[in-house]
Structures are given as C-alpha cells and as structure tokens.
> 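Have a look at this one.
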Protein chains: 2
Amino acid sequence: MKNTLDVVSQQFERQAVRIATRKRQSHPLAPQPNETVYLIRKGLFLARIPMPGDQHHILSILYPGDVIRSNALRPLEGADILTASETGEAWRLRWSAVEALAREDHGLECQLFDSMADLAARLALHSAITAGLTGDERVAAMMIELALRTGKETHSGLTFEMPLSRIDIAEYLALNADTVSRIASRMRSNGLIAQSSARDHLACRSLAALEDACPLAPALRRLHAAPVQPQLAI
Amino acid sequence: MKNTLDVVSQQFERQAVRIATRKRQSHPLAPQPNETVYLIRKGLFLARIPMPGDQHHILSILYPGDVIRSNALRPLEGADILTASETGEAWRLRWSAVEALAREDHGLECQLFDSMADLAARLALHSAITAGLTGDERVAAMMIELALRTGKETHSGLTFEMPLSRIDIAEYLALNADTVSRIASRMRSNGLIAQSSARDHLACRSLAALEDACPLAPALRRLHAAPVQPQLAI
DNA sequence: CGTAGATTTGAGTTCTGTCAAATTTTGTGG
DNA sequence: CCACAAAATTTGACAGAACTCAAATCTACG
C-alpha cells in the first residue's frame, strides 16, 4: 500500500475543488464525458453502486490517500461515494486535468498507476472474500481491515473505527443485515470483539484471534497494513 | 470498452516475450519485485487466485487486448492467468519497460490508464454480480458476457464460445459446480440455451431472453459490447 | 471397445434470507 | 438532566437457496 496522499496532494492543490462532507453525504461518480476523480483527504468513504430492488452494493471502503476515477466504475450507473465517518474531506478533479499533470510529473504518474493497481487489488480481494468465505469469515475480514487501517492500542485492546451501520456492513459483505447482527452477537459472546467506549468504535482483544477466524487474513495484512501512518502534506 | 490491442501492440512489439499457450496452461502473476505485465493477444484467459482448501476463485475472464499488471492482484499470493481456449497467445513484459514506454508516448499512457480503469470496472461489475444476484442470474450474466464478447450469428441463433468447464464456471460465479450443472440444465429445458454443434460453444435463441434473466444485463452490455471487432495490428 | 475423467442428478443437510416482535439506541424538546 | 418518539438493532421462528455426498451417466481418447 503506497501512501499517495503526500505525493498527490501537492500536485493537485491548485486544480482541486475541496469538499467538506458530513456523514451519509453522497457524491456522484459520473461516467464519461466530464469524468471526475476524487482524492480522499480525511475520513472513511464507501464506494457504492445501486443494485436492483432499492439495494446497494458497497464495492470498497476508501481511505485517506485513495484516488478514484469515475471511469473505474463506468458500466455501473448511479455509482457514488458516500461519507461513512462523521465528517470527511475529499478533493474533486477532472480526469483531463489529472492526466495533464501526470504527463509533466513522472512521480505523479507512477503514483496514479500504483493507486489504480491498488484499487484493482482491493476489488479483487473483496471479490475473493465475498465469493469464497462464510458469513463469519467475511465479518472477521472486515474487522481486520478496519483494525489494520484505523486501529489504535488502548487499555481495552486494539480499538478501531466502525463507521458502518449493520446495513452498510451487509451491503459490503453480501450478507443480510439480520445475519450480520447475528454474527456480530456471536463474535461478542466469543470475546472476539467488544463494544468500545467511543461510539462508532469497536475493540478487539487480540488481532491474532481475529486473523485466525479469517482464511484470507494474510492477504488483508499485505494490502492494508500501513508501513507508515499517512501524513497530511498541506 | 477501448480496444487497446492495436495501440498497445505496436509499442510493445520489441520489448515483449511472445508466449504461445495451450489450454489450461498457467502463467504466474508474480508481485513486485520483478513485476510482470501480460498483454492478451489471442484466446480467452482466466485471472485466478488460489483460495483456502485447494480451490480457486476466478476474478475475471481476459480477452484479446486486455493488459494485466501483476501488482493489480498484489496481495493475493499465487495469482496466475490460465489459458481457457484451446490455444492462446500472450505477450509478457516488465512493468518498468511498459512504464518507460508510456512516458514517451502519450497515446500509450492514456491506453494504459483506460485499460486499468477497465479492469477495475470489470472487477466491480463481477463483484456486484456474485454478491447481489441469485445463482440463475449469475449464470445468465456469464452467458451474456461471453455472447457479447464472442457471439456470432449462425443458423441456430447466436453462437458463442464457452471454454470454461463446470468447475471454472463455479469458481467464476461463486457457486458450487453441481449447482452450475443444475442451473444449466434448467436453462436448456427452458430453451434459453442449446448445445452448439461445435464443442466448447453454446447457442442462444435470443440474447434478449437471456438479458431478461439477468438484472445487471444493461451494465454487462455497457462493459462488454464492442463497437468494433478487435483487429490484430501486427 | 474400454477406461479415466467429467458431468448430471437425487436425497438430505446447512447456512443464510425473510418476516415480525421485542429491545436498545439516538435525537429532540421540555 | 430527564422523558419521549423515532430509528436502528437484536433475536426467534420459519422458509428457501445452495452445498455436500454419492450414484449414475455421459464423453473423450487411447
């Protein structure tokens, strides 16, 4: 996982429209023409697509530093990104402008290529998780992802953000919301997770125990474990 | 869907290692370092990852013109591409070489960006299909994809390639092989599909009827319907 | 023509989805 | 700070879709 935030932000600073968002605010990912790019600056976002019958499917959780180009979700009409955290910040750009910058700056070009490969890797892993694992394993996978991305050591163990509702989790993991609830209850009674003092947060006694509950934990670790914490460059 | 084959092939001609493959031949997608890129030239390939318990998950069917960079499947150890057709041809390159060429040739750079967005779009749609649709709808989705990509009008209807075994289909659609068999039998008795004279081919009376059986058919059409047939440039 | 491998199909099981009722949490105003 | 209403979550009972296992059938190929 490369941290694109530092490298990319400086180049984009002039071209970008800054957007401060509140929880549950949606921003469209319109396909071409007028293709847009979002750079996530702060907070967690969800990349969503509408599904038949008033449902959604959440393709990925987006973290600060992620760059998403609307063409990457092109065939899926109505795709958007949704703020999951209480507040977030994203920068909106035109793809044409991003591309022009990339042509001038080789470092930026590399970061964009890597960032797009990273999105593909994330989608691939997510596909493997929802396609090949049981409900319990999928929920464990999501907890591991959020623990690796946002976890902090506290007195009650590794505490991490859980800004998704039961319905969000269900749409992310291709499960039913009731089933998610059942699985979470089971994990609570097994001692795998515990309610944190802070709202929207969970705590886990031992990340290793969570990882034991998910066969794809090594892949999650390779993708989400950050060698360094992202630093806001501007 | 942009046709990258023409544009990309000419640039890559000197750098590429040409590989002629037979059915079921596997080529590794090794992660960095020594990152590789494959350009599909002829035949259908499957992008696979190993799953716990001797299974595989097929992430995508690859068609001529597709470019796949091993980093796009980075966290998933053991990923490979598998020849699905009787014979195929792929070109293997170093990512560093591809990137160097892209820096010199703006058209190539655009094609690479679009090709990577296309892969992401394919993974996203596939994720939506396996996550949100019933078994019957998933099988219909795969038939629509192959019909749009390889279909040809014949006296017995639209005939298309079906180079995947039951197990391949199951691994692509996140179903059990037995279930795939049951669904295919049902579609045959409903007249949706018929065995073609040629082996490894199926025929469908009406693509519209297939599309009625799959809620995500419009997205499949947007992604896979080719405005022009790919032309081999070299 | 016979064998090895793949596919089909049946019977029974399991996991997840559906629906509804009970409970908890959240937000608002006194 | 408390009370209340609205929303979200939990949980039980049941139904249904898909999985597992095994036997029968078909196909490819020597």
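The shown structure was predicted, so the numbers you read here are calculated from the model rather than taken from an experiment. A, B, ... follow the sequence lines: proteins, then strands. Residue 1 opens every chain.
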> I'd like to check B:Ser181 versus B:Asp178 (side-chain heavy atoms, cut-off strictly below 4.5 Å). Are they in contact?
no
> Could you pull out all donor-acceptor pairs under 3.5 Å where a side-chain atom in residues 206-218 of chain A meets a protein atom, sequence neighbours excluded?
unit_1	atom_1	unit_2	atom_2	d
A:Ser206	OG	A:Ala208	N	3.3
A:Ser206	OG	A:Ala209	N	2.8
A:Glu211	OE1	A:Arg221	NH2	3.3
A:Glu211	OE2	A:Arg221	NE	3.1
A:Glu211	OE2	A:Arg221	NH2	3.0

> Check the distance between C:dT14's P and B:Asn176's CG and give it to me in whole angstrom.
16 Å
> Between B:Arg48 and B:Glu171 (salt bridge meaning N to carboxylate O under 4.0 Å), is one present in this structure?
no
> Just one of A:Arg149, A:His201, A:Met143 clears the side chain to side chain contact (heavy atoms under 4.5 Å, CB included) bar with A:Phe160, so which one?
A:Met143
> Report yes if some heavy atom in the side chain of A:Val37 is under 4.5 Å from a heavy atom in the side chain of A:Arg92; otherwise report no.
no
> Report the distance from atom CD1 of A:Ile169 to atom C1' of C:dG17, rounded to the nearest whole Å.
17 Å
> Over how many whole Å does the gap from A:Leu173 atom CG to C:dT16 atom C1' extend?
14 Å
> Mind checking which nucleotides bracket the chain B contacts on DNA chain D, 5' to 3', with an atom under 4.0 Å from a heavy atom?
D:dA18 to D:dA28
> For nucleotides 5-10 of chain C, read 5' to 3', which letter fits each nucleotide if B means a protein heavy atom sits under 4.0 Å from the base, S means only the sugar-phosphate is that close, and - means neither?
--SBBB
> Taking A:Asn190 for the side chain and A:Leu192 for the main chain, is one N or O donor matched with an acceptor at less than 3.5 Å?
no
> Measure up the B:His126 and B:Tyr172 rings against each other and bin them: parallel (under 30°), tilted (30 to 60°), perpendicular (over 60°).
parallel
> Which residue in the set A:Ile81, A:Leu123, A:Leu46, A:Ile68 passes side chain to side chain contact (heavy atoms under 4.5 Å, CB included) when paired with A:Leu59?
A:Leu123
